[in-house]
Amino acid sequence: MPAKRSRRRGRQQFVVIGLGRFGASVARTLAQMGYEVLAIDQDEDCVQALAAEVTHAAQADATDEEALRSLGVRNFDVAVVGIGAVEASVLTTLVLRSQGVKYVVAKASSELHRQVLEKVGADKVVFPERDMGIRVAHNLISGNFLDYLELAPGYSIMEFLAPASYVGFNLRQLDLRARFGISIIAIRKKDGRLEVAPGADSVIENGDILVAMGTDDMMEKIENDRR
Ligand code: ATP
C-alpha cells in the first residue's frame, strides 16, 4: 500500500471511494490542500494512478463490509463515494453509514439514484456532470456569472458581477425581490469584504459581486437588466 505523508492541515480526514474522474479529482484536490486522504478503488490501476498523490491508497471492493472495516474507514470524518454504478454506490453508502462515518457525500447519476442514496443515509448527494453543465450554460449566457449552488430543484444561489446599471442604486430602489423574486443575501466588495444580509439601504458599487438566491433562471433576468 504505497503511502505519501504530506503537509497535514486541520484534523479532518477523508476517505474517497471510486477513483474515476470525479473521485480521483476530489481525492487529489483534498490531498493538495494538505488533508489526509485514503483513496480506495476495486481496480488496481486506478489505485496505482493516484497512490503517489494521496496519504494512503488501497485496492478493495467497497461493498465488502469486512474490507472497509479492516481499512479503518470508521475513523474518517468524511467519506466521498464516487462510484457510478447504482447498486455498488448504494451498498457502499450503506456500509459507510453502518460503520459510523459521520458525513457521507455520494455522487448520483440519476434522480432515482439520488433518492435511494438519501434513503440509505447519504448526507449530501452531488451530480457533478449536471452541475458542471449548469455552470457552463450560465457562463455562456453571461460572462459575469461566477458561481452556482443548488438549494432545491429549481432554486439556487448564484454569484455574479453587479450590472453597471445597478451602480449607485440601493436594494430598495432595485426592487429585485418584487421584480424577479431574487433576494440578495450578500455583497462581496472589491476590497474582499463580505456584506452579509445587506439591508434595503445598501448601495451597489462598481465591481460588487452579488450573492443572490432565487429561481434557476435568475441570470437571464439579470442579463435583461444589463441591456
Ligand atoms: P467518473 O465519471 O467519475 O469517471 P463513473 O460515473 O463513470 O465515474 P465508474 O467508472 O463506474 O463511474 O466508477 C468509478 C470508479 O469506481 C471506478 O474506478 C471503479 O473501479 C470504482 N468502483 C466501482 N465499483 C466499486 C466497488 N464496489 N468498490 C470500489 N470501487 C468501485
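In listed order, ligands and their atoms are each counted from 1.
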Between Ala57 and Ala51, the two heavy atoms sitting closest are CB-CA, 3.8 Å

Ignoring hydrogens, what is the shortest heavy-atom contact between Leu117 and Lys107? Give both atom names and the distance. CD1-O, 3.7 Å

Please state which protein non-hydrogen atom is closest to [atom] and give its distance, to 0.1 Å?
atom: atom 16 (O) of ligand 1; result: Gly18 CA, 3.2 Å
atom: atom 30 (N) of ligand 1; result: Gln42 N, 3.2 Å
atom: atom 14 (C) of ligand 1; result: Gly82 O, 3.6 Å
atom: atom 15 (C) of ligand 1; result: Asp41 OD2, 3.5 Å
atom: atom 28 (N) of ligand 1; result: Ala62 N, 2.9 Å
atom: atom 9 (P) of ligand 1; result: Gly84 N, 3.9 Å
atom: atom 7 (O) of ligand 1; result: Arg21 NH2, 4.2 Å
atom: atom 5 (P) of ligand 1; result: Lys107 NZ, 3.4 Å

From the candidates Ile83, Thr92, Thr63, Val47, the one that places a heavy atom nearest atom 22 (N) of ligand 1: Ile83

Check for a donor-acceptor pair, side chain of [X] on one end and backbone N or O of [Y] on the other, with a separation under 3.5 Å.
X: Ser165; Y: Asp225; result: yes
X: Arg97; Y: Val101; result: yes
X: Arg179; Y: Leu174; result: yes
X: Gln173; Y: Asn170; result: yes
X: Asp41; Y: Cys46; result: no
X: Arg188; Y: Val211; result: no

Check whether any heavy atom of Ser89 sits under 4.0 Å from an atom of ligand 1. no

Protein non-hydrogen atom found under 4.0 Å from atom 1 (P) of ligand 1: yes

Provide the number and element of each atom of ligand 1 under 4.0 Å from a heavy atom of [X].
X: Cys46; result: 18 (O)
X: Ala60; result: 28 (N), 29 (C)
X: Asp61; result: 26 (C), 27 (N), 28 (N)

Determine the interplanar angle of the Tyr35 and Phe14 rings, folded into 0 to 90°, and report it as parallel if under 30°, tilted if 30 to 60°, perpendicular if over 60°. perpendicular

Between the side chains of Asp208 and Lys189, is the shortest nitrogen-to-carboxylate-oxygen separation below 4.0 Å, so that they form an ion pair? yes

Does ligand 1 have a heavy atom under 4.0 Å from the side chain of Leu19, from its backbone, from both, or from neither? backbone

How does Ser109 reach ligand 1, if at all, at less than 4.0 Å between non-hydrogen atoms: by side chain, backbone, both, or neither? neither

Calculate, to the nearest 0.5 Å, the distance between atoms CD and CG belonging to Glu159 and Leu146 respectively. 6.0 Å

Tell me whether Ile17 has any N or O atom under 3.5 angstrom from an N or O of ligand 1. no

Purely on distance, is any nitrogen or oxygen of Phe22 under 3.5 Å from one on ligand 1? yes

